[in-house]
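Below: the structure, in structure tokens.
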There are 2 protein chains.
Amino acid sequence: MNTQTEEKAATTPPDLSTDPDAAAEIETTGDDVAETPGPRKLGRKRDHSRDPEILDAALDVLAEEGYDGMTIDMVAARAKAGKATLYRRWPSKGELVVDAVACMKRGDLDLDNLPDTGTLRGDLLAMVKPRTIVDAGRKLQIMAGLMSVLSRSPELASTIDAAIVEPRAQVNRILLRRAVERGEIAETIDIEAIALIAPSMAAYRSLVRQLPVDRDFLISVIDGIVLPAVGLPGGKTAEA
Amino acid sequence: MNTQTEEKAATTPPDLSTDPDAAAEIETTGDDVAETPGPRKLGRKRDHSRDPEILDAALDVLAEEGYDGMTIDMVAARAKAGKATLYRRWPSKGELVVDAVACMKRGDLDLDNLPDTGTLRGDLLAMVKPRTIVDAGRKLQIMAGLMSVLSRSPELASTIDAAIVEPRAQVNRILLRRAVERGEIAETIDIEAIALIAPSMAAYRSLVRQLPVDRDFLISVIDGIVLPAVGLPGGKTAEA
DNA sequence: TGTATCCGAAACTACTCAGTTCCGTATATA
DNA sequence: TATATACGGAACTGAGTAGTTTCGGATACA
């Protein structure tokens, strides 16, 4: 999906699930951007192992400067690469950003290895780890920088949804579904809505109010809102 | 943000609390931007009644294009004013935007005239009016366009907080406090956190997920999350 | 009615940045 | 070792925009 040609990217959003390394083996072609299926293969090959470094540099700049504030020169400088090298691999700034966001998906949150403590509260609290919090913070910063572009780029919007929004909601959905299955909470609750409480409140706190999303905040959301909303007592029961 | 009168903005954040109309009475001076206390008063006076039109045009462009996408020419064209006129009144794009956001505060949500139906649910539902929803939608659009600038401009950040974030939270705080006073909900609940549920979820839905914040959504948040979180049943009680 | 000032429109300046081209060097294939 | 190509670096092009200046015309005060 990296080095995506305009039309392909627009018409086949699922392609963004592939990672850059995959294309490396297939497209050993020439110097131009993912074109010319002709079988030439002489000379030095492009070092695709550097793609992740460049994409990560792009994410850093994106988080610090926002989409409009980010320049290709900044990304090149941070990646210690030449500007021309970036344009050999991605046809435009927009496609570089889409690729960078898409490749951010993997890295945290493996859905197959979620905590299973036996209680919903235990599971939710187990997700409040320093590493998870830091990762989420960076994602929120990146999202803030892309916010004003979202409405102008449906492709980027869906990429962000798949890379940032959906994974986190998915975790909560799974934990809630388990709680329903073990009879801990009523099966009439709106899992979809409940799963979005914590992501929503964290995003609002970070993006809009510019306040830190720390462990205490997340725990107070779990105990003060999420658990009461599904009919369970929080850490401190609040009965009159 | 670029162009943000580096020194002034950095050193005197409180100044942003003033609005242009206030300056109108005081500064009937000359042709330059709020300078020269000298007592000249000959010739045509500046028509400050047009300031709100210009600021409103700025907000429209801001909502549609975002801060970086907004140009002074766009604002001037929409306000049917000359570019020079804008620069006669505001020294820079940044200050124009700060002023526009600050002047958005008044217009909806008069805290002295809130619904009082006797129940928390009744009060909250009474706030879900088409007019309120539309106003909030525009504010969210504007916020999205300013998001990437927030971290670079503390002045703008606090202006947005005062104009958009705080008023809405304040309404919810008042309604919740009333419910506590009449004994409808426990006084141990975290009013501050509960008051932010609906704004947070609306912002997330609109800004991040690009979905409409309509009446049905707001009601489902009230009945499915806010009321259960304070220990009250929603419209449909969800007991196992 | 004269005049100082404002107005909208448009031309102009200075600058930034996306994207391109060129260069000398490094490196993988034949 | 010869060749074709990628590389980092830097100069270049072209478009767009913040902010300024200039202009003829409108307007409020004296």
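Here is how names work: the chains are called A, B, and so on, in the same order as the sequence lines, proteins then strands, and each is numbered from 1.
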Closer than 3.5 angstrom, by distance alone: can the side chain of [X] be matched with the main-chain N or O of [Y] as a donor-acceptor pair?
| X | Y | answer |
| --- | --- | --- |
| A/Arg215 | A/Val128 | yes |
| A/Asp47 | A/Ser49 | yes |
| A/Arg50 | A/Ala79 | yes |

Taking OP1 and OP2 of C/dC7, is either one under 4.0 Å from a side-chain nitrogen or oxygen of B/Arg46?
yes
Output yes when at least one side-chain N/O atom of A/Lys45 is less than 4.0 Å from OP1 or OP2 of C/dT29, else no.
yes
In terms of side-chain heavy atoms, does B/Thr71 have a donor or acceptor partner in B/Asp73 at a distance below 3.5 Å?
no
Does a donor on one side chain sit under 3.5 Å from an acceptor on the other, for B/Gln170 and B/Arg173?
yes
Interatomic distance where [atom1] belongs to [X] and [atom2] belongs to [N] [whole Å]:
| X | N | atom1 | atom2 | value |
| --- | --- | --- | --- | --- |
| B/Trp90 | D/dA18 | CH2 | C1' | 16 Å |
| A/Leu86 | D/dG9 | CG | C1' | 13 Å |
| B/Asp47 | D/dC29 | CG | P | 12 Å |

Footprint string (nucleotides 16-21 of chain C, 5' to 3'): B base within contact, S backbone only, - free, heavy atoms under 4.0 Å:
-SBBBB
With the criterion being N/O to N/O and under 3.5 Å, what pairs connect the protein with nucleotides 23-26 of chain C, and how long is each?
residue, atom, partner, partner atom, Å
C/dA26, N3, A/Arg44, NH1, 3.3

A/Ser151: what forms a side-chain contact (heavy atoms from CB on, under 4.5 Å) with it, not counting sequence neighbours?
B/Gln210
Go through B/Asp56 and B/Arg78 one step at a time and tell me if the salt bridge (Lys or Arg N to Asp or Glu O under 4.0 Å) criterion holds.
CA-CA 9 Å; B/Asp56 209 56; B/Arg78 179 159 319 212; over 6 Å; no
Does any non-hydrogen side-chain atom of B/Ser148 lie less than 4.5 Å from one of B/Arg152?
yes
